[in-house]
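Here is the naming used below: chain letters follow the sequence lines, and residue numbers restart at 1 for every chain.
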Number of protein chains: 2
Amino acid sequence: MTEQTSATDLSIPPYGEDTVSERMQSILDTGTALFAEKGYDATSMRDIASAAGVSKALLYHHFTSKEDIYARIAFSATQNLNQYVWDRIPADGTAAEKLRAFMVAAAQFFTHHRSAWVAASNAFWSDPDRHRMEQRLARRRAFEMMLRDIVRAGVESGEFGDVDPAMTGRLVLSGINWMHRWHDPEKTLTPEEIVNQYADILLGGLMAKAG
Amino acid sequence: MTEQTSATDLSIPPYGEDTVSERMQSILDTGTALFAEKGYDATSMRDIASAAGVSKALLYHHFTSKEDIYARIAFSATQNLNQYVWDRIPADGTAAEKLRAFMVAAAQFFTHHRSAWVAASNAFWSDPDRHRMEQRLARRRAFEMMLRDIVRAGVESGEFGDVDPAMTGRLVLSGINWMHRWHDPEKTLTPEEIVNQYADILLGGLMAKAG
DNA sequence: GAAAGCCTTGACCGACTGGTCAGTCACAGG
DNA sequence: CCTGTGACTGACCAGTCGGTCAAGGCTTTC
């Protein structure tokens, strides 16, 4: 029953192979909320400490630096995205079905990790840790490639018109990535409903050219 | 010959009704570049001063605060956008032509004001000046309304399928707004070429539903 | 030449930043 | 009862932040 909570669920697993104590997790959760709300620079270690109800010194007992805290959040936010989305793309579907499934899955993941995602994307470029940075870039590239492959297959099979897979992928991801700038989680429309409407528009466009 | 450089050209006019001296303009240009490159928080007044080759105190002789400098940049960046785009939408064109013209014009404006635009959108939400903030929000709303009206007209005339104008507008603007996150000005593709490809995809989608 | 007025500056301020450190506390094993 | 260990803290550090200020040029005007 619990044997399959591994790669495809929505929980945030520990950073690397460490286990995180309750205290650490509560600090991380507090930091996630603050980073998402105010941004990396505008969030001080004192802010995190007082919001978490602990002393600032304790942060440095559990983490090595502010960057460390942020990096764990950003790392977790994107860690399972690729696998999660990949698992939700029907292997035997049409290109249109796959594209829509990709968008919906990405939106679902986004919904569940909203704060961490916003925090991560707000400060995406300021990670001084080369290795971690490259890991994240590699994951992002793989994510984009998954999308382009779907579009390319559709173009080659004639299901889509003769569009550039890279450019189409960028347009799709623009819609998904920009969503957090205007979407209000309190409002009626869920991210899934939004990307489904996006998919309606986009898929119509792609198929119009195929005749 | 020079009588028509007023509302529709791409130059950045003075803030409000003031005239800006050469020195002020050079400070603003320096600030624009730094804000765009590093963001608002990460750019200090000392950075701007030394990059502009003047003392920090001089900044406070010409401007009242860091916010003042940033606000002038952000204000200028969006000041002429609406008029510029409006003037480039063909009054007697089809909805598809108008939508494409809208996107191309926005991309052109973006190209010419890239740094200021990036600086402004990176810190869009942190303006403490209510009046200025509301002015910018009003302009943005007007900008979105212009776009929605185009889509709505296309839907009502049957040229487009039965899409939601608001949601379609968001998708279009997502592509335009997200562009600066990945677009490299050094590379071959210009923003105009990119939005033209976006328009190809989107317009196909909209028209497919009309039959 | 002196007064007037802007441009320009270095020195300085209090507030705040990320980070450190000696030391307190509770609790474990001997 | 002693000793260690990990969680936890207040006080403190050097450095940077946005912003201020009195005073020194540099022109222009009388």
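Taking the ring pair (Phe, Tyr, Trp, His ring centres under 6.0 Å) definition, one finds that A:Phe102 meets it with A:Phe143, sequence neighbours left out. Shown here are the side-chain hydrogen bond (donor to acceptor under 3.5 Å, both in side chains) partners of B:Ser26, two or more places apart in sequence or in another chain: there are none. A:Asp164 meets the salt bridge (charged side-chain N to carboxylate O under 4.0 Å, His left out) test with no other residue; sequence neighbours excluded. Applying the side-chain hydrogen bond (donor to acceptor under 3.5 Å, both in side chains) test to B:Glu192 and every residue at least two apart in sequence or in another chain returns B:Gln108. With sequence neighbours excluded, the residues forming a side-chain hydrogen bond (donor to acceptor under 3.5 Å, both in side chains) with A:Asn196 are A:Arg100, listed by chain and number. Take B:Ser65 and apply the side-chain hydrogen bond (donor to acceptor under 3.5 Å, both in side chains) test, not counting sequence neighbours, and it matches no residue.
Taking atom CZ of A:Arg46 as the reference point, atom C1' of D:dT9 lies 14 Å away to the nearest angstrom. The CE-P distance, from A:Met45 to D:dT9, rounds to 14 Å in whole Å. Look at CD on A:Glu22: it is 16 Å from C1' on D:dG6, rounded to the nearest Å. Atom-to-atom, CE of A:Met24 to P of D:dA7 comes out at 9 Å; the value is rounded to the nearest Å. A:Asp41 places its CG atom 11 Å from the P atom of D:dC17, with the value rounded to the nearest Å.
Along DNA chain C, the stretch of nucleotides lying under 4.0 Å from any heavy atom of chain A spans, 5' to 3', C:dT17 to C:dC21.
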Under 3.5 Å, sequence neighbours excluded: what are the donor-acceptor pairs made by side chains of residues 146-156 of chain B?
{"residue": "B:Asp149", "atom": "OD1", "partner": "B:Arg152", "partner atom": "NH1", "Å": "2.8"}

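Within residues 48-62 of chain B, the residues approaching DNA chain D are B:Lys56, B:Ala57, B:Tyr60, by heavy-atom distance under 4.0 Å.
Listed for the A:His183 side chain is a donor-acceptor partner under 3.5 Å among the backbone atoms of A:Leu189.
For the pair A:Ser21 and B:Lys66, both in contact range of DNA chain D, the more 5′-proximal nearest nucleotide belongs to A:Ser21.
Backbone-only engagement by A:Thr43 is indicated by non-hydrogen atom pairs under 4.0 Å involving sugar-phosphate atoms exclusively.
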